[in-house]
Amino acid sequence: MSDLPPKSRWHALDTDLHRISRVEYANAHVVRPLLAPGIALAFIALAGLTAAVLFGQADGGLIVAAAAAFGAYMAVNIGANDVANNMGPAVGANALTMGGAILIAAIAESAGALLAGGDVVSTISKGIIDPNSVQNSDVFIWAMMAALISSAMWVNLATWVGAPVSTTHSVVGGVMGAGIAAAGLSAVSWGTMGAIAASWVISPVLGGVVAAGFLALIKHKIQYQDDKIAAARRWVPILVAVMAGAFATYLAVKGLKRIVKIDLQMALLIGLASGGLVWAATVPWVRRKSEGLENRTRSLKTLFGLPLVVSATFLSFAHGANDVANAVGPLAAIVHATEFGDFSSKVSIPTWVMVIGAFGISFGLFLFGPKLIRMVGSQITKLNPMRAFCVALSAAITVIVASWLGLPVSSTHIAVGAVFGVGFYREWHTDRRWKHSNLQRPADLRLAREERQRRKLVRRSHFMTIVAAWVITVPAAALMSATIFWVLTAFA
């Protein structure tokens, strides 16, 4: 290059730099998809190493380390899949950015798991397996390990295909499959399994009906009024108060078990008092917020943004308090059986086990959560703050009603069912408005029908994928768990 004229040398150097930059860009493009799995793998390895250090040279230390790694893997998958149900509507409605939603959810999920997560967990999930049917602690440990691995793998697969599934049902299926492999069909409480199967229908239908009902209320009492702002000043504080009362009751019943035990009657009184206080505080806030707003539907969206963000935060807190047990329940059972040589239907959760669950959920949300958040928030049906508020309110109210009736429902199914309910209600409402329009000519009616068919407000492909994933979750997790149990015991 030194023999070239100066201008040619500069051109050659520029060409080389351009080639280097293209190589660096290509490397970054290849490495970027591997970054998130690499960080997740490092966290899983750290969880296993932590368990190995804590147990030292004690008998079963290697098994506990492996269980801790799989528990961390399960927690990461819960964060990637389940948390989307809480934050998806707020992101889809543009009330939160993706980064803001992930930050708020990570803090709320971790706080819920560490502050209010159950200190005692049912290791034979939902009582579906009789502990007396298991032969000894070694068989029990391998059964719990198989349940943990299979449920984590199934949730991982569901996240990959873009289907929000119930992690609780995944664990139930894993425990059932391992229990059948270990002790036969007679070990399963089929009555309990029947109730869980019924919840596949009950949960989404309840969630959808409640969400559609609130959306209908908002449309008729606020959106279709001549003076929308005056109607909003009257009804928005009531709706926010209902939301606050529902979440106060929900957290009292479900989220504060570790701090204090509260029965349903006392929780309802707490919810009533909270709703009254929030109503009194919301009335002047809505009045100030609505000053100067134009009398149109678009203006109403600003009044639902903050309540929607608050509701998503509370849902994440309650989710962390409840669903962390799905990740650490089988792990806590393995730790207990390894330490004491016996097994029980309920065991205490060590602090380090709870920390793995809490941080794993946050890591999974941060690394892999956006995919499912977009799915729930914008790809099933289009959401705005009012519709997303109905989804969040439905999730809290439906869980309370189901708890009162003793129905085994899934929060995942409720939230996603509420999104479907909002979308299908909008379809029905749009069709109804088309039919009552002034279209008289046959050609106009035909074009209207074609337009309605083209503009379906719920994407059928996502609907069918999600429903199919719900139906096969328990049997698929059970089959995987039984297979893994046989493999583990064959090489143990």
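What's counted below: heavy atoms across the whole structure, side chains too, no hydrogens, waters or symmetry copies.
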> Return yes when atom CZ of Phe368 has more than 12 non-hydrogen atoms of other residues, nucleotides or ligands closer than 6.0 Å, and no otherwise.
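More than 12 within 6.0 Å, yes.
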> Is a donor on one side and an acceptor on the other found under 3.5 Å between the side chain of Ser110 and the backbone of Ile107?
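Side chain of Ser110 to backbone of Ile107: no pair is present.
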> Just so I know, are the side chains of Thr473 and Ser166 near enough to count as touching, which here means a heavy-atom distance under 4.5 Å?
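In short, these two side chains do not touch, never coming nearer than 4.5 Å.
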> Before giving the answer on side-chain contact (heavy atoms from CB on, under 4.5 Å), spell out for Val416 and Ile380 the whole-Å C-alpha distance, their side-chain angles and the decisive distance to 0.1 Å.
CA-CA 9 Å; Val416 177; Ile380 295 175; 4.2 Å; yes
> With ring centroids as reference points, do Phe420 and Phe463 lie under 6.0 angstrom apart?
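Ring centroids of Phe420 and Phe463 are less than 6.0 Å from each other.
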> Report the C-alpha separation of Arg374 and Met98 in whole Å, then their side-chain angles, then the decisive distance to 0.1 Å, and conclude whether the side-chain contact (heavy atoms from CB on, under 4.5 Å) test is met.
CA-CA 9 Å; Arg374 292 189 189 96; Met98 181 66 73; 3.7 Å; yes
> I'd like to know if the side chain of Lys371 and the backbone of Trp160 have a donor-acceptor N/O pair within less than 3.5 Å.
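Yes, because the side chain of Lys371 sits within donor-acceptor range (under 3.5 Å) of the backbone of Trp160.
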> Spell out, as yes or no, whether a donor-acceptor pair under 3.5 Å connects the side chain of Ser362 to the backbone of Ala106.
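Yes.
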> In terms of heavy-atom contacts, does CZ of Phe366 have more than 12 from other residues, nucleotides or ligands at under 6.0 Å?
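Check fails, neighbour count at 12 or below.
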> Within a 6.0 Å radius of atom NZ on Lys221, are there more than 12 heavy atoms belonging to other residues, nucleotides or ligands?
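No - once you tally the heavy atoms of other residues, nucleotides and ligands closer than 6.0 Å, there are 12 at most.
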> Would you check if Phe304 and Asn384 make a side-chain contact, meaning some heavy-atom pair closer than 4.5 Å?
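Of all side-chain heavy-atom pairs linking Asn384 with Phe304, none is under 4.5 Å.
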> Is a side-chain donor or acceptor of Asn81 paired with a backbone partner of Thr167 at a separation under 3.5 angstrom?
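No; zero donor-acceptor contacts below 3.5 Å.
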> Go through it in stages, so that I can follow the logic: the residues are Thr412 and Asp82, the test is side-chain contact (heavy atoms from CB on, under 4.5 Å), and I'd like the CA-CA distance, side-chain angles, deciding distance and then a yes or no.
CA-CA 7 Å; Thr412 299; Asp82 235 16; 2.5 Å; yes
> Among Ile472, Val171, Asn77, which one satisfies side chain to side chain contact (heavy atoms under 4.5 Å, CB included) with Trp154?
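Result: among Ile472, Val171, Asn77, Ile472 is the only option passing the side chain to side chain contact (heavy atoms under 4.5 Å, CB included) with Trp154.
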> Working to the nearest 0.5 Å, report the span between CG of Leu306 and CZ of Phe389.
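That separation rounds to 10.5 Å.
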> Measure the shortest side-chain to side-chain distance between Leu300 and Ile218 over non-hydrogen atoms and say whether it is less than 4.5 angstrom.
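With C-beta onward as the side chain, the pair stays apart.
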> Would you say the side-chain atoms of Arg426 pair up with the backbone N or O of Arg387, donor to acceptor, closer than 3.5 Å?
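No: the side chain of Arg426 does not pair with the backbone of Arg387.
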> Does the side chain of Pro237 come within less than 4.5 Å of Trp285's, by heavy atoms?
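Result no, sub-4.5 Å side-chain heavy-atom pair not found.
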> Using the test salt bridge (charged side-chain N to carboxylate O under 4.0 Å, His left out), find all partners of Glu291 that sit at least two apart in sequence or belong to another chain.
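Expected list: none.
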> Rounded to the nearest 0.5 Å, what separation is found between the CD1 atom of Ile356 and the CE atom of Met74?
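The distance works out to 14.5 Å.
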> Is it true that a side-chain atom of Ser299 and a backbone atom of Glu294 form a donor plus acceptor pair closer than 3.5 Å?
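Looks like yes, one N/O pair under 3.5 Å.
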> Examine distances only and state if a side-chain atom of Thr398 and a backbone atom of Ala395 form a donor-acceptor pair shorter than 3.5 Å.
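Checking the backbone N and O of Ala395 against the side chain of Thr398, no donor-acceptor pair under 3.5 Å is found.
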> With heavy-atom distances below 4.5 Å as the criterion, would you say the side chains of Asn86 and Glu109 are in contact?
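They are in contact (side-chain heavy atoms under 4.5 Å apart), so the answer is yes.
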> Hey, does Val172 have a side-chain heavy atom less than 4.5 Å from the side chain of Met193?
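Counting from C-beta outward, Met193 and Val172 do come under 4.5 Å.
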> With a cut-off of 6.0 Å (strictly less than), are more than 12 heavy atoms of other residues, nucleotides or ligands near CG of Asp227?
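Yes, enclosed.
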> Contact between Ser311 and Phe247 at the side-chain level, heavy atoms closer than 4.5 Å - yes or no?
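Yes - at least one pair of side-chain heavy atoms lies under 4.5 Å apart.
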> Checking side chain to side chain contact (heavy atoms under 4.5 Å, CB included) between Phe70 and each of Leu331, Ile44, Ile149, which is the one that passes?
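By the side chain to side chain contact (heavy atoms under 4.5 Å, CB included) criterion, Phe70 pairs with just one of Leu331, Ile44, Ile149: Ile149.
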> Does any N or O in the side chain of Ser394 come within less than 3.5 Å of the main-chain N or O of Val210, such that one atom is a donor and the other an acceptor?
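Side chain of Ser394 to backbone of Val210, a donor-acceptor pair under 3.5 Å: no, none is there.
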> Could you walk me through whether Val236 and Ile222 pass the side-chain contact (heavy atoms from CB on, under 4.5 Å) test, one step at a time?
CA-CA 9 Å; Val236 170; Ile222 303 176; 4.2 Å; yes
> Given side chains that start at C-beta, do those of Met87 and Ile104 come closer than 4.5 Å, heavy atoms only?
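The answer is yes; the side chains approach within 4.5 Å.
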